[in-house]
Amino acid sequence: MNEKNTVLLEETFKEYYFNKFDLIHVPPRATEREFGYQKINSGMIRHLSVKNDKDLHLLLMREIPSDVYCSNAYYNFPALPMSEKDWKGADLIFDIDAKDLNLSCRPEHTITKCASCQNLTEQQSPCVQCGSTKFDTVSVGCKNCISESKKEVEKLTEILTSDLGIKKEEIQVYFSGNEGFHMRVINNDYESLSSHERADLADYIMFNGATPESFGIKKQTNSKSSLPTLDEKGWRGRMARSLFTSKSKTSKITKEIISGGYSGFQLRLEEIRKTLGVRIDPKVTMDIHRIFRLEGSINSKSGLSKIQCTNLDSFDPFSEACLLGNDEVQITANCPIQIKLKNKKFGPYKNETVSIPKYAAVYLICKGLGSAV
Ligand SMILES: [Zn+2]
Ligand SMILES: [Zn+2]
């Protein structure tokens, strides 16, 4: 990132850390966690110990990081190298990202840029300006992506509460600061799970690896089928409610399923996996040494903040998580799609110098669609 952009971003982030410190707290059991951060144009610094909010505040004001992270894991010695940390356990965490949901709206708000000269381009052919064939894509805010991601959060919450005995108040939901949601489970029963066990749990949540046999459909047609019923717990019940929809339709649909045979059921299973399976990033859930974006901090992919969603239904990240200053600044903006932040519309801009509030200027610069003048 060039010098002028870095100065504007750091100045705005510093103001945020100073003014909004009431939003940025260390999580519970802070002394047992590893912290890390990144500054603009530099690598990750990790294996840090931050004891309390005051320590954190000092770190933020001194370093002005672009991104701040904290481990989901608990250690005896969080500031030592990984092999000497002495792992004690980790919160169960989940990452739901709109870019992984294969949504049909994605092409409408994804912009392709030449990786070397930043020229915006329509298709992935050599850049007309510099001939480079390397491209970056960047996606700007989309309401549909957020509402589809919220549906995944709701599906996951339902599975965690009904199948795993986790209480609703033990599940914290956060907007990730860019295009999705993070979830954290605070429950001692799950803290000690190994990475392997978390991978199995992720498969369960995603409904991976389900076979017709688990739902009573066998390969031999002469053996009796024992299809799930509507009131069963777990995936069998969820599957039954999706297949039969109501008690009155059960016998008719049962006949259809039996006559469709094993391979017919496999197809149904695949369809249902796509709608009922939760599309989490399994790599995040199975990682027991991860440093995860700290709640309250800024996500430098967008300049929006990672904040807790107390009312998921009504939550609008483009106003509620857009917390940077309103002072106007001048930037050169090159954004072919109109964006909406704090209920104000910006753009589209065609490589023009504009005077816009800092929060919008930072958003465009973070997305690589604007440059400070
Ligand atoms: Zn180019
Ligand atoms: Zn979208």
Side-chain angles (χ1 to χ4, degrees), residues 1-2 4-5 41 94-156 173-183 274-275 277-281 299 301-307 309 312-322 331-352 359-360 363-372:
M1 188 168 284
N2 74 38
K4 278 180 180 166
N5 287 343
N41 297 332
F94 301 98
D95 180 21
I96 290 166
D97 196 321
K99 77 171 173 346
D100 303 329
L101 304 183
N102 299 320
L103 300 171
S104 58
C105 58
R106 298 296 292 177
E108 292 162 25
H109 54 88
T110 300
I111 299 160
T112 308
K113 284 187 312 173
C114 167
S116 58
C117 78
Q118 309 288 304
N119 179 37
L120 302 187
T121 146
E122 288 293 312
Q123 75 279 57
Q124 307 239 335
S125 54
C127 170
V128 289
Q129 205 161 283
C130 77
S132 166
T133 50
K134 282 206 176 107
F135 297 92
D136 292 328
T137 56
V138 54
S139 157
V140 293
C142 165
K143 264 185 161 173
N144 184 57
C145 282
I146 296 301
S147 67
E148 290 299 315
S149 304
K150 283 182 182 176
K151 287 182 193 161
E152 300 301 308
V153 171
E154 278 158 10
K155 277 154 60 181
L156 178 53
V173 179
Y174 298 89
F175 170 60
S176 71
N178 192 24
E179 295 201 285
F181 292 90
H182 290 168
M183 289 163 77
K274 282 186 205 151
T275 54
V278 187
R279 286 167 287 179
I280 54 171
D281 179 348
N299 186 330
K301 288 180 195 146
S302 66
L304 303 177
S305 295
K306 171 170 174 176
I307 57 164
C309 309
L312 187 68
D313 262 353
S314 67
F315 180 75
D316 172 10
F318 307 115
S319 61
E320 289 171 61
C322 185
I331 64 162
T332 302
N334 195 13
C335 180
I337 298 167
Q338 186 178 66
I339 58 164
K340 199 175 165 191
L341 292 167
K342 293 199 196 181
N343 290 314
K344 273 202 186 113
K345 290 173 182 159
F346 299 95
Y349 300 121
K350 204 175 173 189
N351 227 345
E352 53 197 288
Y359 61 83
Y363 183 87
L364 290 174
I365 293 171
C366 286
K367 294 280 179 186
L369 302 169
S371 199

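Just follow the structure's listing: the first ligand is 1, and inside any ligand the first atom is 1.
For the residue pair Asn178 and Lys367, a side-chain donor N or O sits within less than 3.5 Å of a side-chain acceptor on the partner. A donor-acceptor pair shorter than 3.5 Å cannot be found between the side chains of Ser302 and Asn299. Between the side chains of His109 and Ser139, at least one donor N or O lies within less than 3.5 Å of an accepting N or O. Between the side chains of Gln118 and Lys113, at least one donor-acceptor pair of N or O atoms lies under 3.5 Å.
Aromatic ring orientation, Phe318 versus Phe175: perpendicular (interplanar angle above 60°, classes split at 30° and 60°).
Around the Zn ion (ligand 2), the protein N, O or S atoms found under 2.8 Å comprise Cys105 SG, His109 NE2, Cys142 SG, Cys145 SG.
Counting only protein N, O or S atoms, the number found under 2.8 Å from the Zn ion (ligand 1) is 4.
Listed for the Glu148 side chain is no donor-acceptor partner under 3.5 Å among the backbone atoms of Asn144.
Atoms CG and CD1, from Leu101 and Ile96 in turn, are 8.0 Å apart once rounded to the nearest 0.5 Å.
A cation-pi arrangement, defined by a distance under 6.0 Å to the six-membered ring centre and an angle within 45 degrees of its axis, is present between Lys342 and Tyr359.
The side chain to side chain contact (heavy atoms under 4.5 Å, CB included) test with Phe181 is passed by exactly one of Ile280, Asp97, Leu312: Leu312.
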